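Please read these numbers as outputs of a predicted model, since none were measured by experiment. Numbered from 1 within each chain, the chains take letters A, B, ... in sequence-line order.
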There are 2 protein chains.
Amino acid sequence: MEERARRIVETAVELAEEGGFEAVRLRDVASHAGVALGTLYRRFRSKEDLLIAAFELETADLERRVAQRPPRGDDASERVRAFFGMATRGLIRRPNLARALLKAHAAGDPQLAKRTAAFHERLHDMVIAALRGARRVEAVPSEAERLLARALTRVWFSLLLGWAGGLHGQSTVIDEMGDCAELLVLGALSKDRSQRAP
Amino acid sequence: MEERARRIVETAVELAEEGGFEAVRLRDVASHAGVALGTLYRRFRSKEDLLIAAFELETADLERRVAQRPPRGDDASERVRAFFGMATRGLIRRPNLARALLKAHAAGDPQLAKRTAAFHERLHDMVIAALRGARRVEAVPSEAERLLARALTRVWFSLLLGWAGGLHGQSTVIDEMGDCAELLVLGALSKDRSQRAP
DNA sequence: GCCCGTATTGAAACACGTTTCACTGGGGAA
DNA sequence: TTCCCCAGTGAAACGTGTTTCAATACGGGC
């Protein structure tokens with residue numbers, strides 16, 4: 001990302017940290033970043049676009065943290081639980097920012113579908129690495145792994161949205177994510193077994 | 001709901017069917033429903049509030065359909081799959097409306113948390129009935145059933161949001177929901193077995 | 001029939017995302 | 001150096017969600 005664009009995104013992150021989604025007033029973002037409103041709109045299609053870009057920065061951060069300290073555990077479900085625990089705490093550490101990013105993500109502008117899909121891919125890779133207990137995904141994932149990763153991230157997003165909407169607290173997100181990880185991993189094992197020996 | 005409020009919601013539904021979320025301009029809703037803008041705002045806190053009310057109407061519709069034709073299948077996962085198939089098709093039958101309702105739901109205004117929670121409860125009840133193969137939920141649900149129902153509806157919402165955001169089509173929603181239902185139900189069975197005989 | 005409190009109305013105003021446009025300044029091509 | 005192109009600028013305008021407010025209509029109690 002080019003310098004000017006990065007400054008814009010960083011400004012948006014600062015404002016979001018302070019006051020959440022509504023505090024990211026694009027006029028303010030532009031003036032704090034020292035650019036004109038038109039320049040902001042040349043780089044970003046919309047407010048959502050801008051916040052999705054911010055979400056991508058945060059995800060890169062998560063990737064770094066995961067690379068430095070890969071989620072550990074004796075079995076796949078524990079490692080997955082550890083991974084989502086890291087991810088959840090990392091996000092919720094700055095609640096206003098998290099809510100803003102989630103809101104932009106959940107709005108689901110079809111114009112940003114490609115970016116959103118790429119975003120999910122990055123999460124899936126981290127989940128699959130955690131499932132395998134590997135530092136990085138080397139072998140191409142099996143269909144079962146992909147399904148599992150999609151299911152897990154879907155549950156996670158719903159939980160985060162529930163948190164953002166005030167339906168429950170951070171601990172619910174982490175606890176319930178752990179329970180679901182256990183169910184899904186058990187289910188995948190069980191299915192695998194029944195398919196090998198039908 | 002009182003007559004005036006119902007007329008407002010129905011008008012919103014009509015506009016949403018035609019042109020989605022943006023087509024629900026509150027000035028238009030008010031004038032088409034024959035009330036002043038202020039009256040609309042006396043009944044509904046916001047555009048989201050209005051569309052959540054519309055979502056509740058649609059859910060009541062789903063409840064009626066499920067009561068008339070309970071999801072059938074030889075095991076729990078097939079019945080759950082059948083239920084979400086019904087629900088998905090019922091919603092996506094009117095894509096513009098569905099996207100509008102989902103967008104309002106996903107915005108997750110904390111002021112509407114209570115309503116949203118009640119909404120989820122209704123879904124969970126239907127899911128648990130499907131799990132049991134019962135017409136209605138008679139016995140109080142076990143914790144395992146609740147967990148399963150929450151996990152399933154969470155996956156479903158994420159899938160719907162993905163559909164609404166153009167990430168994938170209706171068939172992906174239905175197919176992947178089926179796959180996840182299988183995994184989760186298998187996982188729950190497997191966990192149950194290991195807990196009974198550890 | 002009269003009075004009062006409350007719901008409703010109509011219209012205006014405000015906030016903010018988004019668009020538009022004429023103007024400027026700087027960097028590369030000739 | 002001169003010219004051209006175009007990203008950047010500043011300001012205004014627009015649309016729509018939301019708020020406000022004075023004026024009005026209505027329905028129940030006296």
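You'll find that the side chain of L26(B) is closest to dT18(D), out of dG8(D), dT18(D), dA13(D). Here the nucleotide nearest the side chain of R27(A), chosen from dG17(C), dT9(C), dA13(C), is dG17(C). Relative to the side chain of K47(A), the nucleotides dG17(C), dT18(D), dT9(D) differ in distance, and dG17(C) lies closest. Comparing dT9(C), dA13(C), dT9(D) against the side chain of V35(B) picks out dT9(C) as the nearest.
Taking only distance into account, the side chain of R25(B) never meets the base of dG17(D) through a donor-acceptor pair shorter than 3.5 Å.
Between E3(A) and R7(A) there is a salt bridge, since a side-chain N of the basic residue sits under 4.0 Å from a carboxylate O of the acidic one.
At the phosphate of dG8(D), OP1 or OP2 sits under 4.0 Å from a side-chain N or O atom of R42(A).
Atom CG of D28(A) is separated from atom P of dA15(C) by 13 Å (rounded to the nearest Å). Between the CG atom of L37(B) and the C1' atom of dT20(D) there is a distance of 11 Å, rounded to whole Å. Counting to the nearest Å, the P atom of dC16(C) and the CG atom of L15(A) are 12 Å from each other. In this structure, CD of E22(A) is placed 17 Å from P of dG17(D), rounded to the nearest angstrom. In this structure, L40(B) places its CG atom 16 Å from C1' of dT20(D), rounding to the nearest Å. With rounding to whole Å, L51(B) atom CG is found 15 Å from dT18(D) atom C1'. Rounded to whole Å, the distance from CZ on F21(B) to C1' on dT16(D) is 11 Å. The separation between E3(A) atom CD and dG8(D) atom P is 12 Å, rounded to whole Å.
Between F55(A) and H105(A), the ring planes are perpendicular. Angles over 60° get that label, and only those under 30° would be called parallel.
At a threshold of 4.0 angstrom between heavy atoms, the contacts of V24(B) are confined to the sugar-phosphate backbone, with no base atom among them.
Pairs engaging residues 148-161 of chain B under the side chain to side chain donor-acceptor pair (under 3.5 Å) rule: S158(A)-S158(B), E176(A)-R150(B), E176(A)-R154(B), T88(B)-W156(B), H124(B)-T153(B) [sequence neighbours left out]. For the side chain to side chain donor-acceptor pair (under 3.5 Å) condition, the pairs that include at least one residue of residues 64-86 of chain A, sequence neighbours left out, are D61(A)-R64(A).
Heavy-atom distances under 4.0 Å link DNA chain C to no residue of residues 99-113 of chain A.
A donor-acceptor pair is defined here as one N or O able to donate and one able to accept, closer than 3.5 Å; no such pair exists between the side chain of R136(B) and the backbone of A129(B).
A cation-pi geometry, defined here as NZ or CZ lying under 6.0 Å from the six-membered ring centre and within 45° of its normal, holds between K47(A) and F21(A).
Within a 6.0 Å radius of CZ in R122(A), more than 12 heavy atoms belonging to other residues, nucleotides or ligands are found.
Both Y41(A) and R43(B) lie near DNA chain C, and the one whose nearest nucleotide falls closer to the 5' end is R43(B).
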